[in-house]
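For reference, the structure is listed below as structure tokens.
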Amino acid sequence: EDLGVPVRPLPRLRYPEDLPPGRFERDFVARSEPCIIEGLAADWAAIWDPACSWLDGRRWDALLGDEMLDCGFDPEDGRMMHFGDDVGEPSVLFNPGRLRMPAWAFVEAGRLRQEILRLRRGGEDPSRQPGLRARLGREVEVQNMPFLSIEQDSPLQYFAPVRCKMRDLIPLSFYLSHDTFALPEELRRDLGPQAPGLLPGWGSPNSSR
């Protein structure tokens with residue numbers, strides 16, 4: 001509220017005791033109401049099994065490393081865009097950007113953000129940390145990827161690989177373009193399907209993500 005942004009408290013629910021069958025769809029999905037759900041992923045091996053833990057990132061380092069991932073990102077101003085916006089008839093939401101990068105860079109971008117926030121919360125100046133500066137200056141090769149396909153008149157120069165530094169990636173918020181299907185089978189087994197626990201239809205391949 002001090003920043004001029006309207007806020008309101010969100011209901012915090014514990015799965016499964018606070019969410020009997022039908023409640024999530026009736027009280028939240030149907031009304032487009034947000035909520036915070038705790039315990040929905042408690043049975044994931046990535047959380048409870050030390051051998052498969054994702055909490056420190058070492059499993060990603062061991063299984064992915066230099067493998068390439070397609071990562072979506074949103075515009076700098078946070079706008080969400082639709083096909084048909086130019087004629088005033090928006091329909092299908094589309095992904096504003098997609099960047100292909102090594103898996104290590106995808107993970108490192110998150111780690112760098114965490115480190116910068118930790119330093120700022122502690123009253124320290126991130127720019128005065130030599131180790132952090134070195135990590136931000138590490139070079140990485142990335143490639144802009146088309147959302148659907150490249151057409152005959154597409155400007156191909158925009159899809160050539162380019163080299164940048166990790167600091168160039170920090171302002172963007174990345175997510176896996178193909179969700180967990182972008183990961184190898186061994187990592188996918190670390191996760192359980194959380195959506196069907198809330199709404200059975202979300203467990204089918206044809207359901208909306």
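Residues forming a side chain to side chain contact (heavy atoms under 4.5 Å, CB included) with Leu117 (at least two apart in sequence, or on another chain): Arg121. Applying the side chain to side chain donor-acceptor pair (under 3.5 Å) test to Arg138 and every residue at least two apart in sequence or in another chain returns nothing. Residues passing the side chain to side chain contact (heavy atoms under 4.5 Å, CB included) test with Glu17 are Arg14, sequence neighbours excluded. Arg167 pairs by the side chain to side chain contact (heavy atoms under 4.5 Å, CB included) definition with Leu136, Lys165, not counting sequence neighbours. Every residue two or more places apart in sequence or in another chain was checked for a salt bridge (charged side-chain N to carboxylate O under 4.0 Å, His left out) with Glu124, and none qualifies.
Two residues are said to be in side-chain contact when any heavy atoms from C-beta on lie closer than 4.5 Å; Pro102 and Met68 meet this criterion. Between Met101 and Cys164 there is no side-chain heavy-atom pair separated by less than 4.5 Å. Put simply, the side chain of Leu99 reaches to within 4.5 Å of the side chain of Leu169, judged on heavy atoms. Put simply, the side chain of Arg189 does not reach to within 4.5 Å of the side chain of Cys52, judged on heavy atoms.
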Candidate pair Asp66 and Trp104, rule side-chain contact (heavy atoms from CB on, under 4.5 Å), full reasoning: CA-CA 6 Å; Asp66 289 323; Trp104 69 261; 3.2 Å; yes
Residues Leu183, Leu176; criterion side-chain contact (heavy atoms from CB on, under 4.5 Å); working and verdict: CA-CA 9 Å; Leu183 303 175; Leu176 295 178; 3.9 Å; yes
Residues Gln129, Glu115; criterion side-chain contact (heavy atoms from CB on, under 4.5 Å); working and verdict: CA-CA 11 Å; Gln129 309 297 320; Glu115 180 65 7; over 6 Å; no
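When all heavy atoms of Phe28 and Cys35 are compared, the closest pair comes out as CE2-CB, 3.6 Å.
Rounded to the nearest 0.5 Å, atoms CG (Leu132) and CG (Leu112) are 6.0 Å apart. Note that CZ of Arg12 and CD of Glu38 are 5.0 Å apart. Values are rounded to the nearest 0.5 Å. One distance of note links CG of Leu63 with CD of Glu185; it measures 12.0 Å at 0.5 Å rounding. Of the inter-residue distances, the one linking Asp61 atom CG with Glu108 atom CD reads 9.0 Å to the nearest 0.5 angstrom. Atom CG of Leu13 and atom CG of Asp27 lie 9.0 Å apart (nearest 0.5 Å). The CZ atom of Arg98 sits 12.0 Å away from atom CG of Leu69, with the distance rounded to the nearest 0.5 Å.
The number of heavy-atom neighbours closer than 6.0 Å to CZ of Arg120, taken from other residues, nucleotides and ligands shown, is 12 or below.
Grouped with Ile36 in one hydrophobic cluster are Leu10, the linkage being side-chain heavy-atom contacts under 4.5 Å among Ile, Leu, Val, Met, Phe, Trp and Tyr residues.
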